[in-house]
Number of protein chains: 2
Amino acid sequence: MVNDILRKELKDRNFRITAQRELIMKIFAESPEDHLSVEEVYRKLLDKRSRISKATVYRTVELLSDLGLLRKIEIDEGIVRFELADSNKHGKHHVICTDCGETITIPDKLVEKIEEMVTNEMGFEPEDHNIKFYGKCSNCKKNQK
Amino acid sequence: MVNDILRKELKDRNFRITAQRELIMKIFAESPEDHLSVEEVYRKLLDKRSRISKATVYRTVELLSDLGLLRKIEIDEGIVRFELADSNKHGKHHVICTDCGETITIPDKLVEKIEEMVTNEMGFEPEDHNIKFYGKCSNCKKNQK
DNA sequence: GTCTTTGCAAACAGTTTGCAGCTGG
DNA sequence: CCAGCTGCAAACTGTTTGCAAAGAC
């Protein structure tokens with residue numbers, strides 16, 4: 001379970017296990033497909049009647065990223081978001097619907113191919129990358145016509 | 001010249017030609033390879049002894065984007081930057097050196113190929129996209145060894 | 001008991017806005 | 001002349017920080 005991973009990771013690095021950290025991690029574990037801003041995490045905590053200060057959300061979400069449990073991404077300009085860093089997928093690359101905001105992860109295989117192309121053609125060995133496509137998702141395309 | 005294009009574009013849309021707009025456009029025209037934040041544009045104006053308020057820089061840079069003369073991009077998380085929107089290139093896609101910050105534009109041909117791949121494999125017709133790779137540029141790689 | 005973490009409020013950075021006065025057409 | 005533009009300061013949003021009190025171990 002995600003909570004066990006969190007506890008282990010915190011212990012390993014001599015951080016303390018606190019209710020706040022577990023709660024925030026839980027928020028992300030509950031909706032693994034979501035890309036949440038600090039504000040949204042904070043809202044979800046309030047919905048659950050958990051009174052955690054926003055400063056703590058900022059600190060925790062940053063900590064969880066350092067631990068490798070979350071990943072910092074950026075979908076719309078200027079707003080930082082976090083998502084669950086499932087170790088099975090990179091999950092960093094998204095296709096974003098400009099109508100409904102739906103965000104779909106680009107499959108790993110495709111990302112690898114792209115990476116290969118850039119490496120070959122630019123003589124640049126990337127350590128990290130960030131690919132975003134904007135367009136209409138199949139749903140919104142349908143409704144439009 | 002860039003200034004003529006600006007004047008024409010402003011006239012066409014019934015905006016006024018002002019010294020501030022010309023000056024800010026000039027800043028970008030002078031270093032077509034740069035990706036400037038509002039702060040940097042403001043600094044450059046001060047260096048030239050032009051007393052333009054920061055609010056005007058914000059407003060102007062946004063206007064110039066609307067006119068299609070600049071393009072809004074985002075290189076580091078959370079800071080919005082603008083670059084000259086040279087009509088000959090898309091110029092939206094960058095390879096960024098994590099050491100020196102050098103930013104290189106990914107060639108159009110390569111971008112087109114990537115676009116094609118995503119369209120084919122995901123059944124998603126992109127209207128726009130944004131590709132960023134992070135790594136070490138050849139210079140920094142050399143100095144490291 | 002000690003050292004970390006939290007909550008709060010204040011500070012901060014980047015950006016937007018309302019308004020009076022200035023200016024281009 | 002007068003609508004659009006600018007400068008200024010104040011407001012706002014998202015984020016960070018200092019510090020006393022609370023909590024983990």
Side-chain angles (χ1 to χ4, degrees), chain A residues 3-4 6-27 35-46 48-67 69-83, chain B residues 3-4 6-27 35-46 48-67 69-70 72-82:
Chain A
N3 202 34
D4 299 332
L6 170 63
R7 279 161 171 267
K8 184 182 179 313
E9 212 61 52
L10 287 172
K11 217 162 217 171
D12 284 0
R13 304 228 217 164
N14 284 325
F15 290 118
R16 304 219 160 138
I17 296 165
T18 67
Q20 289 86 337
R21 287 171 182 172
E22 293 189 310
L23 258 163
I24 290 173
M25 195 63 214
K26 200 170 162 217
I27 295 283
H35 315 80
L36 305 172
S37 66
V38 167
E39 186 61 31
E40 286 164 352
V41 174
Y42 183 66
R43 285 266 149 70
K44 283 188 182 242
L45 288 165
L46 288 188
K48 297 189 171 210
R49 283 157 192 57
S50 314
R51 302 207 96 282
I52 295 186
S53 85
K54 214 178 267 186
T56 299
V57 179
Y58 274 102
R59 288 186 278 228
T60 302
V61 119
E62 206 60 51
L63 173 68
L64 296 177
S65 286
D66 285 353
L67 296 179
L69 300 174
L70 297 184
R71 182 186 300 119
K72 205 188 260 198
I73 56 171
E74 196 163 15
I75 290 171
D76 9 64
E77 249 152 56
I79 300 177
V80 178
R81 290 170 174 279
F82 294 83
E83 65 175 11
Chain B
N3 202 32
D4 298 333
L6 170 62
R7 282 162 170 265
K8 184 182 179 314
E9 213 61 52
L10 288 172
K11 218 162 217 171
D12 283 0
R13 304 228 219 163
N14 285 325
F15 290 118
R16 301 214 164 142
I17 296 166
T18 68
Q20 288 88 335
R21 287 170 181 173
E22 291 188 312
L23 259 163
I24 291 173
M25 195 64 216
K26 200 171 162 216
I27 295 281
H35 315 80
L36 305 171
S37 65
V38 166
E39 188 60 33
E40 287 165 352
V41 173
Y42 183 66
R43 285 266 150 71
K44 284 190 180 239
L45 288 166
L46 288 189
K48 296 192 169 203
R49 284 156 190 60
S50 313
R51 303 209 97 281
I52 295 185
S53 84
K54 214 178 267 186
T56 299
V57 180
Y58 275 101
R59 288 186 278 228
T60 303
V61 120
E62 205 60 51
L63 172 68
L64 296 177
S65 287
D66 285 352
L67 296 179
L69 300 174
L70 298 184
K72 205 188 260 198
I73 56 171
E74 196 163 16
I75 289 171
D76 9 66
E77 247 151 56
I79 300 176
V80 177
R81 292 171 173 280
F82 293 83

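The sequence lines fix the lettering, A, B, ..., with proteins before strands; numbering per chain opens at 1.
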Notebook entry, point to check: CZ of Arg13(A) versus C1' of dT4(C): gap in Å, rounded?
Noted result: 16 Å
Note to self: Are the side chains of Glu9(B) and Phe15(B) in contact, using a 4.5 Å heavy-atom criterion?
What the structure shows: no
Next item on the list: Could you tell me whether the side chain of Glu22(A) reaches within less than 4.5 Å of the side chain of Leu6(A), counting heavy atoms only?
Entry: yes
Next item on the list: Would you tell me if any nitrogen or oxygen in the side chain of Gln20(B) comes within less than 4.0 Å of OP1 or OP2 on dG7(D)?
Entry: yes
Note to self: Whole angstroms only, please: what is the CZ-C1' distance between Arg21(A) and dT4(C)?
What the structure shows: 8 Å
Check: So, is Thr56(B) close to the dG7(D) phosphate, meaning a side-chain N or O under 4.0 Å from OP1 or OP2?
Finding: yes
Check: Stepwise, does the salt bridge (charged side-chain N to carboxylate O under 4.0 Å, His left out) test hold for Asp4(A) with Lys8(A)?
Finding: CA-CA 6 Å; Asp4(A) 299 332; Lys8(A) 184 182 179 313; over 6 Å; no
Note to self: Measure CD/Glu40(A) against P/dT15(D) and give the value in whole Å, please.
What the structure shows: 11 Å
Check: Stepwise, does the side chain to side chain contact (heavy atoms under 4.5 Å, CB included) test hold for Leu10(B) with Arg16(B)?
Finding: CA-CA 6 Å; Leu10(B) 288 172; Arg16(B) 301 214 164 142; over 6 Å; no
Next item on the list: Determine, stepwise, if the pair Arg51(A) / Leu45(A) fulfils side chain to side chain contact (heavy atoms under 4.5 Å, CB included).
Entry: CA-CA 7 Å; Arg51(A) 302 207 96 282; Leu45(A) 288 165; over 6 Å; no
Checklist line | Length of the CD1-C1' vector between Ile24(A) and dG7(C), whole Å | finding: 13 Å
Next item on the list: Nearest whole angstrom, please: distance from the P of dG14(D) to the CZ of Arg81(A).
Entry: 11 Å
Next item on the list: Provide, to the nearest angstrom, the distance between the NZ atom belonging to Lys54(A) and the C1' atom belonging to dC12(D).
Entry: 13 Å
Margin query: From CZ of Arg7(A) over to C1' of dC25(D), roughly how many Å is that when rounded to an integer?
Written below: 13 Å
Check: Is it true that Glu39(A) and Lys54(A) have a side-chain N and a carboxylate O under 4.0 angstrom from each other?
Finding: yes
Next item on the list: Output the single nucleotide from dT15(C), dC8(C), dC8(D) whose closest atom is nearest the side chain of Ala55(A).
Entry: dC8(C)
Note to self: dT6(D), OP1 or OP2 - any side-chain N/O from Arg51(B) closer than 4.0 Å?
What the structure shows: no
Checklist line | Side-chain N or O of Tyr58(A) closer than 4.0 Å to phosphate OP1/OP2 of dT16(D) | finding: no
Next item on the list: Starting at atom CZ of Arg43(A), determine the distance to atom P of dT13(D), rounded to an integer number of angstrom.
Entry: 11 Å
Check: How far does CD1 of Ile17(B) sit from CZ of Arg7(B), to the nearest 0.5 angstrom?
Finding: 5.0 Å
Note to self: I'd like to compare against my own output: the B/S/- annotation of nucleotides 19-25 of chain C with a strict under-4.0 Å heavy-atom distance to protein.
What the structure shows: -----BS
